[in-house]
S.K.: 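Just passing along the structure, written as structure tokens.
Everything numeric in this text was worked out from a predicted model, so none of it was measured.
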Amino acid sequence: MSLRLLLADLRSTRLTGLHLLLSQEKARVDFIDEVAVVNALAYKLSTGAFDLVIAHYSLVPDITILPSDHFVLLVAQPDKTLFQAAREHGALGYLSENSPEELLRATLYLCPGDFLIDPAFTLWALNEAARSSEQPLLPASLTERERAIVALRTSGLSAHEIADQLCIAESTVKRHLANISAKRKQRRERE
């Protein structure tokens, strides 16, 4: 099956590079169109039928203008809100704007339901998933100090950094974290 591609990027050099790279895949690519301004992207999407849109986030004012299950988003740095919005809207991939050629070529073979994440973002994605999976506690079940520690921990601080910020010993922070963990376990067992 040959694809009709739409490439969207503000930077003409990156757009040209993508076009040259993907046009070499003659067995897979039938047609490539390009846009470099937001209004042109919305217009092209409303008037053309594209099998795959590869768009730089800077050209996408609202993720929902992209065709669900038919787009790959290129980003400068991973962003939790943008990542979640892309996943919820059916992105096929979430890649760095500096992805290697092989990864960009791989986007041509993605199917609806697939999700390709740039390996450069893997550690970030795992850390975000770990933070998101922590079950929130009911405020009444935590002391004021424990709530402060949870907030600092959720923001990514280590036990040592939390201790410095709250002017308490690191061992005290660790004891609070153990108490918080025990309360979480009790809550899960009750549920």
S.K.: Before you tell me yes or no, could you show the steps for Ile180 and Arg184 under side-chain contact (heavy atoms from CB on, under 4.5 Å), namely the whole-Å CA-CA distance, both residues' side-chain angles and the distance that decides it to 0.1 Å?
M.R.: CA-CA 6 Å; Ile180 292 165; Arg184 279 192 173 132; 4.1 Å; yes
S.K.: Mind checking salt bridge (charged side-chain N to carboxylate O under 4.0 Å, His left out) for Glu97 and listing every partner two or more places apart, or none if nothing turns up?
M.R.: Arg14
S.K.: Report the distance from atom CG of Leu152 to atom CG of Asp164, rounding to the nearest 0.5 Å.
M.R.: 11.5 Å
S.K.: Quick one: CG on Leu157 to CD1 on Ile149, what's the gap to the nearest 0.5 Å?
M.R.: 11.5 Å
S.K.: Linking I/L/V/M/F/W/Y whenever any side-chain heavy atoms sit under 4.5 Å apart, do Tyr43 and Ile32 land together?
M.R.: no
S.K.: Could you tell me which non-hydrogen atom of Ser99 sits nearest to which non-hydrogen atom of Asp118, and how far apart they are?
M.R.: OG-OD2, 2.6 Å
S.K.: Return the minimal non-hydrogen interatomic distance between Val72 and Leu95, and the atom names on each side.
M.R.: CG1-CD1, 3.9 Å
S.K.: Are Leu10 and Val75 linked, directly or through other ILVMFWY residues, by side chains that come within less than 4.5 angstrom of each other?
M.R.: yes
S.K.: I'd like to check Leu103 versus Pro119 (side-chain heavy atoms, cut-off strictly below 4.5 Å). Are they in contact?
M.R.: yes
S.K.: Holding to salt bridge (charged side-chain N to carboxylate O under 4.0 Å, His left out), I want the full list of residues that pass it with Glu161, two or more places apart in sequence or in another chain.
M.R.: none
S.K.: Tell me, please, which residues at least two apart from Arg105 pass salt bridge (charged side-chain N to carboxylate O under 4.0 Å, His left out).
M.R.: Glu25, Glu101
S.K.: Of the non-hydrogen atoms in Ser2 and Asp30, which two are nearest, and what is the gap between them?
M.R.: CB-CB, 3.4 Å
S.K.: Please identify each residue that fulfils side chain to side chain contact (heavy atoms under 4.5 Å, CB included) with Asn98, with sequence neighbours left out.
M.R.: Ser96
S.K.: With hydrophobic residues grouped by side-chain heavy-atom distances under 4.5 Å, do Val53 and Val37 end up in a single group?
M.R.: no
S.K.: Who are the salt bridge (charged side-chain N to carboxylate O under 4.0 Å, His left out) partners of Asp33, not counting sequence neighbours?
M.R.: Lys44
S.K.: Might you point out which heavy atoms bring Val29 and Leu22 nearest each other, and give the distance in Å?
M.R.: CG2-O, 3.4 Å
S.K.: Which is it for Leu82 and Val60 under the side-chain contact (heavy atoms from CB on, under 4.5 Å) test, yes or no, and what are the steps along the way?
M.R.: CA-CA 11 Å; Leu82 186 59; Val60 181; over 6 Å; no
S.K.: Could you grab the distance from atom OG1 of Thr143 to atom NE2 of His176, nearest 0.5 Å is fine?
M.R.: 6.0 Å
S.K.: Please step through side-chain contact (heavy atoms from CB on, under 4.5 Å) for the pair Leu108 and Leu5, ending with a clear verdict.
M.R.: CA-CA 9 Å; Leu108 301 175; Leu5 302 180; 3.8 Å; yes
S.K.: Sorted by first residue and then second, give each ring pair (Phe, Tyr, Trp, His ring centres under 6.0 Å) pair with at least one member in residues 72-111; sequence neighbours left out.
M.R.: Phe71-His89, Phe83-Tyr94, Phe83-Phe115, Phe83-Trp124, Tyr94-Phe121
S.K.: For the residue pair Leu52 and Thr107, what are the closest heavy atoms and their distance?
M.R.: CD2-O, 3.6 Å
S.K.: Could you please spell out the steps behind the side-chain contact (heavy atoms from CB on, under 4.5 Å) verdict for Val35 and Leu45?
M.R.: CA-CA 10 Å; Val35 294; Leu45 289 171; over 6 Å; no
S.K.: For Asp114, check side chain to side chain contact (heavy atoms under 4.5 Å, CB included) against everything at least two apart and list the hits.
M.R.: Leu110, Cys111
S.K.: Could you go through residues 167-175 and list every donor-acceptor pair under 3.5 Å that involves a side-chain atom there, pairing it with any protein atom two or more places apart or in another chain?
M.R.:
residue: Glu170; atom: OE1; partner: His160; partner atom: ND1; Å: 3.4

S.K.: On a heavy-atom basis, which atom in Leu6 and which in Glu34 lie closest, and how many Å separate them?
M.R.: CD1-N, 4.1 Å
S.K.: side-chain hydrogen bond (donor to acceptor under 3.5 Å, both in side chains): which pairs involve residues 63-75, sequence neighbours left out?
M.R.: Asp62-Thr64
S.K.: With Lys185, which residues qualify under side chain to side chain contact (heavy atoms under 4.5 Å, CB included), at least two apart?
M.R.: Arg188, Glu189
S.K.: Do the side chain of Thr154 and the main chain of Val150 share a donor and acceptor less than 3.5 angstrom apart?
M.R.: yes
S.K.: If you round to the nearest 0.5 Å, how far is OG1 of Thr16 from CG of Leu21?
M.R.: 12.5 Å
S.K.: Enter the distance from Leu41:CG to Ile65:CD1 here, rounded to the nearest 0.5 Å.
M.R.: 4.0 Å
S.K.: Taking side chain to side chain contact (heavy atoms under 4.5 Å, CB included) as the test, write out the residues that go with Val38, two or more places apart.
M.R.: Leu59, Pro61
S.K.: Kindly state each residue pair satisfying ring pair (Phe, Tyr, Trp, His ring centres under 6.0 Å) with at least one member in residues 48-67, sequence neighbours excluded.
M.R.: none
S.K.: If you round to the nearest 0.5 Å, how far is CG of Asn179 from CG of Leu142?
M.R.: 10.0 Å
